[in-house]
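Structure record follows, encoded as structure tokens.
Each chain gets a letter, A, B and so on, in the order the sequences are listed, and its residues count up from 1.
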Amino acid sequence: MIQRPRGTRDFGPKEMHRRRTVEQAMRAACARAGFGEVMTPTFEHADLFTLRSGQAVIDEMYAFRDKGDREMALRPEITASVIRFYVNEMSNLPKPLKLYYLGNCFRYENPQSGRFREFFQLGAELIGSKNPESDAEIIALAVNCVKASGLKDYVVRVGHIGILKSLVQAEIDDKKAAAEVLRMIDKEDFDAIGDMFDARAIPRKLFDRILAIAETRGGSEVLERLDKSEASDYLREIFVNLKLHGIDDCQVDLGIVRGLDYYTGMVFEIDAPCLGAEKQIMGGGSYTLSELFGGEPVFSTGFAIGIDRVMLALFKEQPEDEYSLVDAYVIPAKDDMREHAISMVAGLRSAGIRADVDLMRRSMSKNLKYASAIGARYAIIVGSKEMAEQSVTLRDMLSGDQRIIAIEQISEEITKLL
RNA sequence: GCCGGGGUGGGGUAAUGGUAUCCUUGGGGACUGUGGAUCCCUUGACCCGGGUUCAAUUCCCGGUCCCGGCCCCA
């Protein structure tokens, strides 16, 4: 037997229904904010991804050489593709350009809870605006998407990479060392930073300042404690705007650095605490396209939500999911009623009712059992006695109550009951 | 890439160095239109490969997959 590849999943009808419901809710949230959906290829030239990210991303990329001897890769994320699309064909469109996407991504990683080799992301990019209200708009959209999914317990943390970055880069001349410090801040490995500072004879005072900033966390009031700077003013403006958007549960977290170094300003994350190790369900921030492709500077801000993790968190919050595929199941009482049953189900379907009919020529009793097993809300029993009066029996599968209804009224009646 | 814990019918389980229990589900029949019942029949499993052994589902090794953790990320 052929097994499903490691780190991939099959989704059954019930799970797909729940996923599609969540996806549609998020799509609707994006559309309400004026974002248009785009779709890009599942695979791209490997360069697209290797150019902007480091070795770590390359190592876990599904890369391959195609029959034309081109280096290709399954996309490990979608932002790069959207940016490529923008640079290729959309750079002359009116700004700001607001795009969103939903698709599968691939990373060759070791699977664990909330981590798969094929996973799904919904993301949005706001291209061409560098003002705090744009960042606030993107944060608000990300939060609204998570809210739309139905998730109750989540934590939004917003930071600004410029605050730490400018401090570290101003005080440490060695670029590599500065990058290393930022990486250690991201990992919250402050001991390592202390060791490094001692080894390089960097003043302890700077370490204390870095530590103080990196540990600045809490409500928006902690922003008042920050030294005045371009970045801290910017962050304050973002929080003012978030409040205007009705988003007032965001935390400040200046310790967010994020691994990828193309982020330049605002950075933010959303966690679902119930998920444990892989609790981050969203990551985002602002960046400039110019740093990725060497073109004209275009300021952008965006985010990506891990749909799979959102689904996992939703399932933890609400495990049971009442859902059936069929509202009405049509049962012929006897074999000579099968044709009537089939025309009956066709009529129900064209009236927009999710209806099914016995295809296995089962007995009445087995059919009732089947109707119950698939969770049909109503059974319609087509028998010769009722048929003589152009009627059928409508049975409520929850209560067991049943009554005779004229055939011409059945669709209307069921629509009314549902 | 690394580190733990696991793989028995579709799902859940029991036992065992001599190929397997029970429940559930699926299919069929009885029941000749309400028995969503009851009864009967039936399909269906020891992850893969190698080793030890007369004999391996069981013991050993390797692989693989699942679950969880590290790294990193969604």
Side-chain angles (χ1 to χ4, degrees), chain A residues 1-10 12 53-61 75-79 102-123 142 145-146 154 183 186-187 189 256-260 268-272 275-285 302-313 329 331-337 341 358 360-388 392-404:
Chain A
M1 196 163 73
I2 297 175
Q3 300 293 320
R4 159 164 51 81
R6 180 169 167 77
T8 64
R9 289 150 300 157
D10 296 310
S53 319
Q55 191 62 35
V57 172
I58 298 168
D59 289 343
E60 60 184 34
M61 207 160 66
R75 58 187 177 195
E77 48 126 355
I78 301 182
T79 300
L102 170 53
N104 50 350
C105 303
F106 305 84
R107 291 184 198 171
Y108 194 91
E109 287 191 286
N110 206 340
Q112 66 190 58
S113 178
R115 168 176 297 181
F116 308 96
R117 288 186 173 175
E118 182 187 26
F119 59 99
F120 295 80
Q121 284 192 339
L122 177 141
C145 282
V146 170
Y154 59 88
R183 203 166 311 134
D186 186 34
K187 286 191 215 166
D189 191 355
I256 302 176
V257 173
R258 300 192 60 73
L260 305 167
F268 73 122
E269 297 179 345
I270 300 180
D271 295 336
L275 291 182
E278 304 293 327
K279 66 180 172 20
Q280 192 186 329
I281 58 173
M282 191 255 22
F303 68 86
I305 294 174
I307 304 270
D308 308 276
R309 292 186 182 176
V310 171
M311 296 312 299
L312 229 49
Y329 184 72
I331 301 172
K334 278 191 166 178
D335 280 340
D336 59 359
M337 289 292 114
D358 172 40
M360 293 190 58
R361 305 192 175 183
R362 274 192 274 238
S363 68
M364 176 96 166
S365 129
K366 289 276 162 92
N367 265 325
L368 281 169
K369 183 181 175 177
Y370 178 76
S372 170
I374 63 170
R377 183 67 183 80
Y378 294 97
I380 295 171
I381 297 159
V382 181
S384 48
K385 276 182 241 159
E386 301 94 314
M387 194 53 75
V392 290
T393 298
L394 177 65
R395 181 182 180 90
D396 184 324
M397 292 301 287
L398 293 180
S399 64
D401 297 339
Q402 55 184 56
R403 61 208 163 96
I404 312 269

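Atom-to-atom, NZ of Lys334(A) to C1' of G33(B) comes out at 7 Å; the value is rounded to the nearest Å. To the nearest angstrom, P of C66(B) lies 14 Å from CZ of Arg115(A). Atom pair Leu275(A):CG and C73(B):P shows a separation of 18 Å (rounding to whole Å applied). When the P atom of U25(B) is taken as reference, atom NZ of Lys366(A) falls 12 Å away, rounded to whole Å. The CZ-C1' distance, from Arg361(A) to G33(B), rounds to 18 Å in whole Å. Note: CG (Leu102(A)) to P (A74(B)) measures 16 Å, nearest angstrom. Residue Ile331(A) contributes atom CD1, which lies 12 Å from atom P of U34(B) at whole-angstrom precision. Atoms CG (Asp59(A)) and C1' (C71(B)) sit 12 Å apart, rounded to a whole Å.
Summarising the base pairing, G1(B) is matched to C70(B) through a Watson-Crick or G-U wobble pair whose two defining distances lie under 3.5 Å. Nucleotide C65(B) forms a Watson-Crick or G-U wobble pair with G6(B), both donor-acceptor distances falling under 3.5 Å. C46(B) is unpaired under the Watson-Crick or G-U wobble criterion, no partner having all donor-acceptor distances under 3.5 Å.
The C1' atoms of G7(B) and C41(B) are separated by 32 Å, rounded to the nearest whole Å. To the nearest whole angstrom, the two P atoms, one in G26(B) and one in G36(B), are 15 Å apart. Spacing between G62(B) and U24(B) at atom C1', rounded to whole Å, works out to 36 Å. Separating the C1' atom of U13(B) from that of G6(B) is a span of 16 Å, rounded to the nearest Å. Using atom C1' as the reference point in both C31(B) and C65(B), the two lie 46 Å apart (nearest Å). Spacing between U21(B) and A55(B) at atom P, rounded to whole Å, works out to 25 Å. With both ends at atom C1', the span from U58(B) to G10(B) equals 25 Å, rounded to whole Å. Straight-line distance between the P atoms of G12(B) and C66(B): roughly 15 Å, to the nearest whole Å.
Contact annotation: Ser113(A) reaches the phosphate of G68(B) (side-chain N/O to OP1 or OP2, under 4.0 Å). Contact annotation: Gln280(A) side-chain N/O to A74(B) OP1/OP2 distance is under 4.0 Å. Between Arg6(A) and the phosphate of C66(B), there is a side-chain N or O to OP1/OP2 separation shorter than 4.0 Å. Within the 4.0 Å cut-off from OP1 or OP2 of G28(B), at least one side-chain nitrogen or oxygen of Arg362(A) is found. In this structure, Arg9(A) does not reach the C66(B) phosphate: none of its side-chain N or O atoms is under 4.0 Å from OP1 or OP2.
There is a side-chain donor-acceptor pair under 3.5 Å between Tyr329(A) and Asn367(A). Between Gln402(A) and Thr393(A), the side chains place no donor N or O within less than 3.5 Å of an acceptor N or O (distance only, hydrogens not considered).
Between Leu368(A) and Met397(A) the shortest side-chain heavy-atom distance falls below 4.5 Å. Asn104(A) is listed as a side-chain neighbour of Phe106(A), based on a closest heavy-atom distance under 4.5 Å.
Where Ile270(A) and Lys369(A) meet RNA chain B, the nucleotide closest to each residue was compared, and Lys369(A) sits on the side nearer the 5' end. Remark on RNA chain B: of its neighbouring residues Met360(A) and Ala371(A), the 5'-side contact belongs to Met360(A), judged by nearest-heavy-atom nucleotide.
Nucleic acid contact class of Phe116(A) (heavy atoms, under 4.0 Å, all strands): base. Among the atoms of the strands shown, none is found under 4.0 Å from any heavy atom of Gly276(A). Counting non-hydrogen atoms under 4.0 angstrom, Gly400(A) reaches a base of the nucleic acid. Using a 4.0 Å heavy-atom criterion, one finds that Ser363(A) contacts no nucleic acid atom at all. Counting any heavy atom pair closer than 4.0 Å across all strands shown, Asp336(A) reaches no nucleic acid atom. Contacts of Glu386(A) with the nucleic acid, taken as non-hydrogen atoms under 4.0 Å apart, include base atoms. Contact annotation for Gly7(A): backbone-only contact, meaning every heavy-atom pair under 4.0 Å involves sugar-phosphate atoms and none involves a base.
Distance alone, capped at 3.5 Å, places no donor-acceptor pair between the Arg309(A) side chain and the Arg115(A) backbone. Under a 3.5 Å cut-off, the side chain of Arg107(A) and the backbone N or O of Glu118(A) do not form any donor-acceptor pair.
Residue-to-nucleotide contacts include a donor-acceptor pair under 3.5 Å from the side chain of Arg309(A) to the base of C73(B). Below the 3.5 angstrom threshold, one finds no donor paired with an acceptor across the side chain of Arg107(A) and the base of C72(B). A donor-acceptor contact under 3.5 Å is not formed by the side chain of Glu269(A) with the base of A74(B). Looking at Gln402(A), its side chain comes within 3.5 Å of the base of U34(B) through a donor and an acceptor atom.
Atom CZ of Arg4(A) is surrounded by more than 12 heavy atoms from other residues, nucleotides or ligands within 6.0 Å.
Listed candidates were G27(B), A74(B), U34(B). Nearest to the side chain of Ile381(A) is U34(B). Nearest to the side-chain atoms of Glu278(A) among the listed nucleotides C72(B), G36(B), A74(B) stands C72(B). Minimum atom distance to the side chain of Met397(A) is reached by G36(B), of the listed G36(B), C70(B), G29(B). The side chain of Arg395(A) approaches U34(B) more closely than any other nucleotide in the set U34(B), U32(B), C73(B). Between C72(B), G35(B), U34(B), one nucleotide has an atom nearer to the side chain of Ser365(A) than all others, and that is G35(B).
In this structure, Tyr370(A) does not pack face-to-face on the six-membered ring of G36(B), missing the 5.5 Å centre cutoff or the 30° plane limit.
Ile281(A) pairs with exactly one of Ile307(A), Val310(A), Asp271(A) by the side-chain contact (heavy atoms from CB on, under 4.5 Å) rule, that one being Val310(A).
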*Under the side-chain contact (heavy atoms from CB on, under 4.5 Å) rule, what do Ile381(A) and Met364(A) come out as? Steps first, then yes or no, please.*
CA-CA 9 Å; Ile381(A) 297 159; Met364(A) 176 96 166; 3.6 Å; yes
